[in-house]
Engineer: 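Let me give you the structure first, and then I'll get to my questions.
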Amino acid sequence: MGIQEETSFPYHHPLAIGSVIGICIGGLVFVVSLSACFFCYRRRSRANYEYTFSSASKHTAGELSSGSLKASNISRRSSPLVSPVGTTSKRLEPLLPEKRLAPTTSRHSHLDESHVKPTYYTETEKQDLSPEYEKKAVKTPEKETASTSLGNLHFSIEYDPTKSALMVTIQRATGLPAKDANMVSSDPYVKLQVLPEKKHRVKTRVVRKTLNPSFDEIFTFYGINQEQIHGISLHFVLLSFDRFSRDDIIGEVVYSLAKTDVHERELMVCQEIAPRHQKFLNQGRGELLISLCYQPVASRLTVVVLKARNLPRMDITGLSDPYVKIYLLYDGQRIAKKKTHVKKRTLNPIFNESFVFDLPFNEGLPNISLEFLMLDWDRVMKNDIVGRVEVGSTTTGLELHHWNEVLNCPRKQIAQWHKLQD
């Protein structure tokens with residue numbers, strides 16, 4: 001008989017697999033236990049440290065005399081809290097309620113805790129109380145007046161008689177004020193127009209996040225004869241770009257070519273930037289004639305803007321382009337708006353425009369008022385506010401007298417001159 005050979009198959013003993021799983025579980029338990037012990041040790045050592053520091057403070061307070069106790073209280077008021085390590089702490093954290101100091105049995109125990117408890121100040125609060133900080137605060141207005149400079153604009157002018165062309169190169173601006181939301185930088189650009197015709201209007205690109213932008217852009221204006229050169233003025237306006245609202249006006253530069261010779265060579269110019277509203281310093285804002293009529297049955301208020309006089313010169317040409325906005329206010333909130341047409345190149349415009357406002361139901365005029373805004377229209381820049389007038393029961397002077405007369409004489413037009421205010 002032949003011997004049959006047995007076929008061998010790999011055999012895995014269940015004991016080997018169980019031992020491997022047990023070793024893994026044991027190692028995991030060991031790591032978790034070690035981490036828990038380390039966390040408890042850290043927490044206990046930190047609690048012992050705070051307890052030692054509070055005990056030392058308690059011991060020191062018990063040995064103080066009455067004179068030294070007052071001196072310690074005053075010195076802590078005028079200096080920042082010092083930690084045991086010796087560094088100045090800017091964040092003051094009181095002790096937990098269960099670790100507060102117990103009442104001492106020394107001779108100062110009759111004092112109330114509110115009288116003995118010192119007051120701590122941070123480093124910033126300490127500066128607010130120091131005499132040196134008060135001296136600095138007195139000097140800040142001088143710094144603010146000195147920092148009102150709007151910077152300088154550098155440009156060059158050249159005239160080519162063969163082509164009847166005036167070339168203006170806007171090179172750069174220096175020392176501009178910050179106009180962004182964080183008051184750190186600006187996004188400046190320059191608008192240029194040739195006066196007095198205002199036919200040529202150009203602008204540079206926007207230079208992002210800088211107070212000293214470099215433009216280096218050349219603008220050529222054709223069709224300008226040699227006889228017209230001395231009657232031309234260049235009007236530069238510097239603005240800061242704003243993505244979400246109207247661009248902020250930094251200032252303006254007006255340069256007249258009346259006494260300059262630009263025929264032979266290129267003329268380099270550096271002009272200081274002037275504020276936009278400097279024109280109001282030496283002249284008034286003018287007056288506005290309005291007429292009001294109250295109709296109680298229909299609950300309506302008719303407003304007639306008649307004319308204005310003696311308005312300030314808003315343009316470089318010595319004239320203005322005025323128009324009027326009228327707001328109906330209820331409890332100080334604007335609820336309706338109207339506006340007149342723009343009157344071009346005049347300081348004494350005649351409007352003669354009538355507007356009707358529907359008043360809130362059963363309210364009458366006690367909580368109603370009117371606000372008039374005189375503005376100067378500008379094609380290139382933001383329209384300037386010349387002045388304003390408010391007529392209502394909360395006003396004073398001629399405005400209140402006019403309003404009371406309208407209330408006492410319903411269904412009758414009452415006209416009155418009003419001075420435009422800031």
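Please read these numbers as outputs of a predicted model, since none were measured by experiment.
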Engineer: Under 3.5 Å, side chain of S320 to main-chain N/O of P312, donor-acceptor pair present?
Structural biologist: yes
Engineer: Please report the interatomic distance CD1(I249) to OG(S240), rounded to the nearest 0.5 Å.
Structural biologist: 11.5 Å
Engineer: Would you please name every residue forming a salt bridge (Lys or Arg N to Asp or Glu O under 4.0 Å) with E158, sequence neighbours left out?
Structural biologist: none
Engineer: Is there a donor-acceptor pair under 3.5 Å between the side chain of T220 and the backbone N or O of L166?
Structural biologist: no
Engineer: Applying salt bridge (Lys or Arg N to Asp or Glu O under 4.0 Å), can you list everything that pairs with D187, at least two apart in sequence or on another chain?
Structural biologist: R208
Engineer: Out of the candidates R205, R172, K203, only one should pair with E217 under the salt bridge (charged side-chain N to carboxylate O under 4.0 Å, His left out) rule; please name it.
Structural biologist: R205
Engineer: Hey, is the main chain of R345 close enough, under 3.5 Å, to the side chain of D321 for a donor-acceptor pair?
Structural biologist: yes
Engineer: Restricting to non-hydrogen atoms, name the atom on L306 and the atom on A415 that form the minimum distance, rounded to 0.1 Å.
Structural biologist: CD1-CB, 4.4 Å
Engineer: Mark yes or no for whether T395, through its side chain, and G392, through its backbone, hold a donor-acceptor pair below 3.5 Å.
Structural biologist: yes
Engineer: Could you tell me if D160 and T162 have a donor-acceptor pair between their side chains, going purely by distance under 3.5 Å?
Structural biologist: yes
Engineer: Closest heavy-atom contact between L153 and A173?
Structural biologist: CD1-CB, 4.3 Å
Engineer: Could you list the residues that satisfy ring-ring contact (aromatic ring centres under 6.0 Å, His included) with F236, not counting sequence neighbours?
Structural biologist: F155
Engineer: If I compare all heavy atoms of S393 with all of L400, which pair ends up nearest, and what's the gap?
Structural biologist: O-CD1, 3.7 Å
Engineer: Determine, step by step, whether L370 and V303 satisfy the side chain to side chain contact (heavy atoms under 4.5 Å, CB included) criterion, reporting the C-alpha distance in whole Å, the side-chain angles of both residues, the deciding distance to 0.1 Å, and the verdict.
Structural biologist: CA-CA 9 Å; L370 291 170; V303 180; 3.6 Å; yes
Engineer: Above 12 or not: heavy atoms from other molecules or residues under 6.0 Å from CD of Q228?
Structural biologist: yes
Engineer: Please identify each residue that fulfils salt bridge (Lys or Arg N to Asp or Glu O under 4.0 Å) with D242, with sequence neighbours left out.
Structural biologist: none
Engineer: Is any side-chain heavy atom of C270 closer than 4.5 Å to one of N152?
Structural biologist: yes
Engineer: Just how far is it from atom CD of Q416 to atom CG of L292, taken to the nearest 0.5 Å?
Structural biologist: 10.0 Å
Engineer: List the atom of P349, the atom of L347, and the distance in Å for their closest heavy-atom pair.
Structural biologist: CD-C, 3.5 Å
Engineer: So do the side chains of S35 and V32 get within less than 4.5 Å of each other, counting heavy atoms only?
Structural biologist: no
Engineer: Just how far is it from atom CG of L420 to atom CZ of R309, taken to the nearest 0.5 Å?
Structural biologist: 11.0 Å
Engineer: Filter on ring-ring contact (aromatic ring centres under 6.0 Å, His included), then keep only pairs touching residues 387-412, sequence neighbours left out; what's left?
Structural biologist: H402-H418
Engineer: Please evaluate residues Q413 and Y294 with respect to the criterion side chain to side chain contact (heavy atoms under 4.5 Å, CB included), reporting the C-alpha separation (whole Å), side-chain torsions for both, the decisive distance (0.1 Å), and the verdict.
Structural biologist: CA-CA 8 Å; Q413 289 284 347; Y294 174 50; over 6 Å; no
Engineer: If you look at every heavy atom in S185 and K209, which pair is closest and at what distance?
Structural biologist: OG-CA, 3.7 Å
Engineer: Dump the intermediate steps for side chain to side chain contact (heavy atoms under 4.5 Å, CB included) on K344 and W377, then the final yes or no.
Structural biologist: CA-CA 9 Å; K344 295 293 188 68; W377 178 84; 3.6 Å; yes
Engineer: If you look only at pairs with a residue in residues 390-412, which of them pass as a salt bridge (charged side-chain N to carboxylate O under 4.0 Å, His left out), with sequence neighbours excluded?
Structural biologist: R388-E390
Engineer: Can you tell me which residue pairs pass the salt bridge (charged side-chain N to carboxylate O under 4.0 Å, His left out) test with a partner in residues 296-305, sequence neighbours excluded?
Structural biologist: R300-D358
Engineer: Which residue in the set V269, I157, V253, V254 passes side chain to side chain contact (heavy atoms under 4.5 Å, CB included) when paired with L234?
Structural biologist: I157
Engineer: Which heavy atom in L150 sits nearest to a heavy atom in L176, and how many Å separate them?
Structural biologist: O-CD2, 3.5 Å
Engineer: So K339 and F355, do their side chains get closer than 4.5 Å, heavy atoms only?
Structural biologist: no
Engineer: To the nearest 0.5 Å, what is the distance between CD1 (I232) and CG (N225)?
Structural biologist: 9.0 Å
Engineer: Would you tell me whether Y323 and D376 have side-chain atoms, one donor and one acceptor, within less than 3.5 Å of each other?
Structural biologist: no
Engineer: Kindly compute the distance separating CD1 (I273) from OG (S149), expressed to the nearest 0.5 Å.
Structural biologist: 8.0 Å
Engineer: Can you list the residues that meet the side-chain hydrogen bond (donor to acceptor under 3.5 Å, both in side chains) rule with S214, with sequence neighbours excluded?
Structural biologist: D216
Engineer: What pairs with F215 under ring-ring contact (aromatic ring centres under 6.0 Å, His included), at least two apart in sequence or on another chain?
Structural biologist: none
Engineer: Okay, side chain of S256, backbone of A258: is any donor-acceptor separation there less than 3.5 Å?
Structural biologist: yes
Engineer: Using a 3.5 Å cut-off and no angle test, enumerate the donor-acceptor pairs between side-chain atoms of residues 324-335 and protein atoms at least two apart in sequence or in another chain.
Structural biologist:
| residue | atom | partner | partner atom | Å |
| --- | --- | --- | --- | --- |
| Y330 | OH | E363 | OE1 | 3.2 |
| Y330 | OH | E363 | OE2 | 3.2 |
| R334 | NE | E371 | OE1 | 3.3 |
| R334 | NH2 | E371 | OE1 | 3.1 |
| R334 | NH2 | E371 | OE2 | 3.4 |

Engineer: Can a donor-acceptor pair be found, under 3.5 Å and without considering hydrogens, that links the side chain of S164 to the backbone of G223?
Structural biologist: no
Engineer: Looking at E287 and K419, is any side-chain nitrogen of the basic one under 4.0 Å from a carboxylate oxygen of the acidic one?
Structural biologist: no
Engineer: Nearest 0.5 angstrom please: L195 CG to L257 CG, how far?
Structural biologist: 10.5 Å
Engineer: Whether the side chain of T204 engages the backbone of V190 through a donor-acceptor N/O pair (distance < 3.5 Å, no angle test) should be reported.
Structural biologist: yes
Engineer: Is it true that a side-chain atom of T346 and a backbone atom of N348 form a donor plus acceptor pair closer than 3.5 Å?
Structural biologist: yes
Engineer: Can you check whether L192 reaches V168 side chain to side chain, under 4.5 Å on heavy atoms?
Structural biologist: yes
Engineer: List for me each residue that meets side-chain hydrogen bond (donor to acceptor under 3.5 Å, both in side chains) alongside H341, sequence neighbours excluded, and say none if there are none.
Structural biologist: E353
Engineer: Less than 4.5 Å apart, side chain to side chain, heavy atoms only: is that true for I25 and F30?
Structural biologist: no
Engineer: For the backbone of I224 and the side chain of Y159, can you confirm whether one donor and one acceptor N or O come within less than 3.5 Å of each other?
Structural biologist: yes
Engineer: Decide yes or no on side chain to side chain contact (heavy atoms under 4.5 Å, CB included) for V202 and F221, but give the supporting numbers first.
Structural biologist: CA-CA 10 Å; V202 293; F221 305 98; 3.9 Å; yes
Engineer: Please tell me if the side chains of L211 and P177 come closer than 4.5 Å, counting only heavy atoms from C-beta onward.
Structural biologist: no
Engineer: With sequence neighbours excluded, what pairs up with F351 under the ring-ring contact (aromatic ring centres under 6.0 Å, His included) test?
Structural biologist: none
Engineer: Is any side-chain heavy atom of L288 closer than 4.5 Å to a side-chain heavy atom of W417?
Structural biologist: no
